[in-house]
Amino acid sequence: MADTSSKELIALAIKASEDAYVPYSHFPIGAAVKTESGAIFTGCNIENASFGLTNCGERTAIFKAVSEGHVKLSEIAVYGHSAEPISPCGACRQVMAEFFEPSAKVILIAEDGVTTVEMTVGELLPYSFTDLT
Ligand code: THU
């Protein structure tokens with residue numbers, strides 16, 4: 001059962017998906033990120049006619065936080081129009097590994113808005129590449 005602050009994050013991720021720009025896939029994604037200082041940023045997927053330029057919802061939310069000075073992130077909720085809770089792509093997992101601790105909570109939400117899976121960033125991307133040392 002999600003706690004109160006996680007429920008807020010879930011609601012914001014679902015709401016963020018309403019702004020998804022998805023004329024090609026028709027597959028909206030919304031994400032909400034909480035920073036260590038308690039600020040919240042949301043994002044959606046933004047597609048492009050040159051398909052490879054698409055930005056996923058998770059990365060939009062994370063990049064919005066980072067671009068406003070928040071590089072320590074603590075929790076993320078991701079909503080997708082999938083029957084099972086959405087599974088973040090590899091690129092987003094790598095970006096999560098950059099800005100979250102491996103123990104950070106990731107809440108994945110299915111299309112019904114109710115079915116969730118909770119994982120950690122470390123579980124999503126074990127043995128990740130995080131620095132050059
Ligand atoms: N997508 C995301 O936004 N996040 C993911 O983790 C998986 C995929 C988007 C990219 C594209 O706009 C659409 O979903 C279909 O791949």
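Note that the numbering runs from 1 along the sequence shown for the chain. Ligands are counted one by one from 1 in listed order, and the atoms in each one are counted from 1 as well. No hydrogens, no waters, no symmetry mates; every other heavy atom, side chains included, goes into these values. Since this is a predicted model, take the numbers as computed values, not measurements.
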[X] N/O to ligand 1 N/O under 3.5 Å:
X: Glu47; value: yes
X: Thr54; value: no
X: Val22; value: no

Do the side chain of [X] and the main chain of [Y] share a donor and acceptor less than 3.5 angstrom apart?
X: Asn48; Y: Phe51; value: no
X: Ser128; Y: Ala97; value: no
X: Arg93; Y: Leu124; value: yes

Quiz item: Are the aromatic ring centres of His81 and Tyr79 under 6.0 angstrom apart?
Solution: yes
Quiz item: Of Asn45, Asn55, Thr42, which meets side-chain hydrogen bond (donor to acceptor under 3.5 Å, both in side chains) against Thr60?
Solution: Asn55
Practice problem: State the atoms of ligand 1, each with its element, that fall below the 4.0 Å cut-off from a heavy-atom position in Pro88. | Solution: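 Under 4.0 Å from Pro88, ligand 1 has these atoms: 6 (O).
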Quiz prompt | For Cys89, atoms of ligand 1 separated by under 4.0 Å from a heavy atom | solution =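 The list of qualifying atoms is 5 (C), 6 (O).
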Exercise. Flag atom 3 (O) of ligand 1 as yes if some protein heavy-atom distance to it falls below 4.0 Å, otherwise no.
Key: yes
Note the single closest protein heavy atom to [atom], along with its residue, its atom name and the distance in Å.
atom: atom 9 (C) of ligand 1; value: Asn45 ND2, 3.4 Å
atom: atom 16 (O) of ligand 1; value: Phe27 CD2, 4.8 Å
atom: atom 6 (O) of ligand 1; value: Glu58 OE2, 2.6 Å

Exercise. Just let me know how Cys56 lines up against ligand 1, side chain, backbone, both or neither, with a heavy-atom cut-off below 4.0 Å.
Key: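 Looking at Cys56 and ligand 1, atoms from backbone and side chain both fall under 4.0 Å.
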Quiz item: Does one hydrophobic cluster hold both Leu9 and Leu108, with members joined at side-chain heavy-atom distances below 4.5 Å?
Solution: no
Quiz item: If we ignore angles and hydrogens, is there a donor and acceptor under 3.5 Å between the side chains of Glu75 and Ser6?
Solution: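 Yes, Ser6 and Glu75 have a side-chain donor paired with an acceptor closer than 3.5 Å.
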